[in-house]
Amino acid sequence: MDHLISLKEWSPAMIRQVLDLARDVKAHPGKYRDAMSRKTLLMIFEKPSLRTRLSFEAGMTQMGGHAIYYHTGNSPMGSGKESISDSIKTASRFVDAIMARLFKHADLLEMAKHATVPVINALTDDSHPCQILADLQAIEEKKGCLAGLKLAYLGDGFNNVTHSLMFGGTKMGMHVSVGAPAGADFSPRPDVMADCERFAAESDGSLFVTDDPVAAIKDADVVYTDSWMSYHIPKEQEAERIAKFMPYQVNAALMAHARPDAIFMNCLPALRGYEQTAEVIDGPQSIVFDEAENRIHVQKAVILMLCGAV
Ligand code: CP
Ligand code: NVA
């Protein structure tokens with residue numbers, strides 16, 4: 001059974017295949033209008049969402065199928081009355097694919113272990129692969145390629161989006177640079193760095209991790225940031241995190257160190273005045289809504305591939 005658990009497990013060839021399919025899905029949506037006819041996607045959510053829920057649900061509708069939004073808050077699984085394994089074995093009898101947005105990545109692995117249908121990671125504490133596939137599609141659209149580009153990420157390094165960007169970027173031959181505060185709570189996980197060094201060596205890309213924001217962004221083709229207050233971060237940590245991350249805020253002064261034709265990305269939700277200023281996210285270099293739009297195209301491609309519908 002093929003799943004999308006993390007881009008760590010996906011080969012560059014699989015990423016290429018899904019990006020090519022996503023391009024076709026976007027250009028010719030009518031070709032896929034019945035591809036998931038009478039098929040159902042179960043969408044399990046433990047955390048909030050705008051983009052992920054809407055893009056998966058609308059994507060299934062556009063392909064002739066149906067999606068069930070299932071929040072664990074009032075479920076037997078969420079209230080501890082039913083194990084993940086029993087819940088997922090049961091759900092697999094009803095639906096054709098399962099996506100899940102969970103706190104713990106280990107719970108997603110448990111789901112994948114027991115599912116008899118494809119399982120898609122819609123964000124865990126570890127990674128957010130659907131987001132990064134959409135990002136890669138957007139970068140390729142704007143820049144015409146992936147390999148050889150410098151992708152600079154600024155801000156929270158110990159972060160699901162950061163880790164997935166590192167996987168996706170290094171697998172596709174990009175020069176990934178992460179500017180984040182030093183320390184285990186703020187910089188990328190050591191095991192992710194070690195994996196990405198290996199992926200970069202295989203793809204002629206590179207990985208550079210630094211606590212110097214200017215060195216990180218210097219001559220970047222793509223500048224990326226994410227929320228300093230991810231969904232799982234407690235409110236009481238906010239003041240400390242703002243102080244830590246403020247030197248990495250993507251503002252006009254920092255953007256001036258990137259290439260003049262650099263694009264700016266944020267997976268959203270975004271807070272102006274925090275991880276970036278309004279002048280950057282609302283300025284001419286920002287592609288955040290094109291990036292968000294691609295969630296629907298690339299996820300349709302992921303569903304089609306994993307369900308064997310293409
Ligand atoms: N980028 C993203 O996953 O957004 P949501 O949290 O709104 O789904
Ligand atoms: N790092 C963020 C991504 C939101 C899409 C979070 O986990 O909340």
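In listed order, ligands and their atoms are each counted from 1. Note: hydrogens, waters and symmetry copies are ignored here, and every other heavy atom, side chains too, is used. Quick caveat, the model's predicted, so the values are computed rather than measured.
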Going by the atom numbers of ligand 2, which of them fall below 4.0 Å from some non-hydrogen atom of Asn160? 1 (N), 2 (C), 6 (C), 7 (O)
Please confirm whether Tyr231 comes within less than 3.5 Å of ligand 2 when only nitrogen or oxygen atoms on both sides are compared. yes
Under 6.0 Å from the NZ atom of Lys113, do we count more than 12 heavy atoms belonging to anything else shown? no
In ligand 2, the atoms that come under 4.0 Å of a heavy atom of Asp226 are 1 (N), 2 (C), 3 (C)
Would you verify whether the NZ or CZ of Lys47 falls within 45 degrees of the ring axis of Phe103 while also being under 6.0 Å from that six-membered ring's centre? yes
Nearest non-hydrogen protein atom to atom 2 (C) of ligand 2, with distance, is Ser230 OG, 3.2 Å
With backbone taken as N, CA, C and O and side chain as the heavy atoms from C-beta onward, which portion of Leu123 lies under 4.0 Å from ligand 2: side chain, backbone, both, or neither? side chain
Non-hydrogen atom of Leu268 closer than 4.0 Å to ligand 2: yes
Yes or no: does Leu123 have any heavy atom under 4.0 Å from an atom of ligand 1? no
Taking only non-hydrogen atoms of His128 and a 4.0 Å limit, the atoms of ligand 1 in range are 2 (C), 3 (O)
Quick one: do Val161 and Ile281 end up in the same hydrophobic cluster if we chain Ile, Leu, Val, Met, Phe, Trp and Tyr together by side-chain heavy atoms under 4.5 Å apart? no
Would a distance-only check, ignoring hydrogens and angles, find a side-chain to backbone donor-acceptor pair under 3.5 Å from Thr225 to Leu154? yes
